[in-house]
Amino acid sequence: MRILNEDFYRRSAVEVAWDLPGKVLVHQTEEGVTSGMIVEAEAYYQGDPACHATRGKTKRNAPMFGPPGRAYVYFIYGNHFCFNAVTGEEERGEAVLVRALEPLEGVELMWRRRGSDRPYRKLTGGPGNLCAALAITREQNEASLLEPPLYIADTGKEVPSEEVVVTTRVGISRGEEELLRFYIKDNPHVSRR
DNA sequence: GCTTTGATGCACT
DNA sequence: GTGCATCAAAGCG
């Protein structure tokens, strides 16, 4: 597998979000390697009222204004982490939220982290779930995605464009009208259709 | 410095 | 389908 380079991320969030389904997110930890195919992603860009960066740079969203190819991990609702890949040129304030994975490596480890009574589809389905399964926390905030232990790789297999569905985003209270969400058709790990 | 609320998930009805 | 856990940062004053 080929690790995606900076040029991949140095594009608009919408373009990157379109290309991410089918790519593989990998996290190597002391416990072992966990990875999964990205099956759902959403684009956020400055000017979008729902984007964290829409009101300029703050302490929380500073990674979104940094160089592309970094992680932006933030804590939400007291319990949950969400993982984003920073895209676009520096100071643009763009990112792509990874919402769901299909487990590949380290499934046993994910089960151990999550509890064994969990339905398989919920193991990495949903932004909070995939972060818990891959052990992504605040510590991975601003980490580079261009090299191990945390990176996104290209399997060489492209997802046919007719299998990628474009729709509106989830959980947005403002500006729901735009079609910025991309997911793989009929994949059981996608939370909402 | 105090209040509000959110790019959620889960247990429960 | 509804409610709740739980907290950091934004927003306000």
Side-chain angles (χ1 to χ4, degrees), chain A residues 9 12-21 23 25 34 36 38-66 68 70-88 92-103 110-143 145 152 164-184 187-193:
Chain A
Y9 300 99
S12 76
V14 176
E15 286 179 88
V16 175
W18 173 261
D19 280 343
L20 274 181
K23 302 294 187 290
L25 175 62
T34 45
I38 295 171
V39 297
E40 189 180 357
E42 290 178 0
Y44 289 85
Y45 61 93
Q46 198 171 27
D48 169 10
C51 177
H52 285 176
T54 194
R55 275 186 262 266
K57 192 194 288 190
T58 66
K59 189 175 183 183
R60 179 208 209 178
N61 64 27
M64 289 179 91
F65 290 86
R70 298 263 194 97
Y72 168 43
V73 182
Y74 69 93
F75 193 54
I76 192 75
Y77 295 130
N79 304 350
H80 304 290
F81 292 102
C82 293
F83 170 81
N84 302 249
V86 178
T87 67
R92 285 286 301 279
E94 294 191 350
V96 174
L97 169 67
V98 178
R99 289 189 54 84
L101 305 175
E102 178 177 312
M110 296 184 198
W111 280 104
R112 229 179 305 146
R113 284 172 178 155
R114 305 312 317 282
S116 56
D117 53 346
R118 171 172 301 272
Y120 176 67
R121 64 189 326 152
K122 296 284 189 68
L123 200 55
T124 53
N129 284 329
L130 76 87
C131 285
L134 297 206
I136 293 172
T137 70
R138 213 188 325 278
E139 291 174 30
Q140 275 69 47
N141 197 25
E142 286 196 277
L145 299 176
I152 299 175
V164 179
V165 181
V166 185
T167 184
T168 53
R169 292 172 299 182
V170 176
I172 308 296
S173 54
R174 297 192 55 176
E176 176 81 34
E177 70 289 331
E178 296 184 81
L179 300 176
L180 297 173
R181 177 167 176 249
F182 305 88
Y183 66 87
I184 296 182
N187 188 289
H189 297 91
V190 175
S191 46
R192 206 191 90 177
R193 284 176 289 173

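As judged by a 4.0 angstrom heavy-atom cut-off over every strand, A/N129 is placed among residues touching the sugar-phosphate backbone only.
The distance from atom CZ of A/F75 to atom C1' of B/dG9 is 12 Å, rounded to the nearest whole Å. Atom-to-atom, OH of A/Y45 to P of B/dA7 comes out at 15 Å; the value is rounded to the nearest Å. Here the C1' atom of nucleotide B/dG6 and the CG atom of A/N61 are 14 Å apart, to the nearest Å. If you take CD1 of A/I76 and C1' of B/dA7, they are 7 Å apart, rounded to a whole angstrom. Look at CZ on A/R169: it is 16 Å from C1' on B/dT8, rounded to the nearest Å. What separates CD of A/E40 from C1' of B/dG9 is a distance of 14 Å, to the nearest Å. The interatomic distance linking A/R60 (CZ) with B/dG6 (P) rounds to 11 Å, in whole Å. Separating the CD1 atom of A/I172 from the P atom of B/dT8 is a distance of 7 Å, rounded to the nearest angstrom.
Side-chain proximity of A/R118 to B/dC10, C/dA10, B/dT8: nearest is B/dC10. If you check B/dG6, C/dC7, C/dA10 against the side chain of A/T58, the one that comes closest is C/dA10. Comparing B/dT8, C/dA10, B/dA7 by their nearest atom to the side chain of A/R55 picks out C/dA10. The side chain of A/R138 has C/dA8 as its nearest neighbour among B/dT8, B/dG9, C/dA8. For A/P127, the listed nucleotide lying nearest its side chain is B/dG9; candidates were B/dG6, B/dG9, C/dA8.
Stacking is not found between A/Y77 and the pyrimidine-like six-membered ring of the C/dA5 base under the 5.5 Å centre-distance and 30° plane-angle cut-offs.
With rounding to the nearest 0.5 angstrom, the CG atom of A/L101 is 10.0 Å from the CG atom of A/N129.
In this entry C/dT6 has no Watson-Crick or G-U wobble partner, no candidate having both defining distances under 3.5 Å. Under the Watson-Crick or G-U wobble criterion, with both distances below 3.5 Å, B/dA7 is left unpaired in every strand shown.
Side-chain atoms of A/N61 come within 3.5 Å of backbone N or O of A/G56 as a donor-acceptor pair. In terms of modelled atom types and a separation under 3.5 Å, the side chain of A/R169 and the main chain of A/E178 share no donor-acceptor contact. A/E40 places no side-chain N or O within 3.5 Å of a backbone atom of A/V190 that could act as its donor or acceptor partner. Side-chain atoms of A/T54 come within 3.5 Å of backbone atoms of A/D48 as a donor-acceptor pair (strictly under, hydrogens ignored).
A donor N or O paired with an acceptor N or O is found under 3.5 Å between the base of B/dA7 and the side-chain atoms of A/Y74.
For the pair A/N79 and C/dC4, the criterion of a side-chain N or O lying under 4.0 Å from OP1 or OP2 is not met. A/R114 has a side-chain polar atom (N or O) that falls below the 4.0 Å cut-off from OP1 or OP2 of B/dC10.
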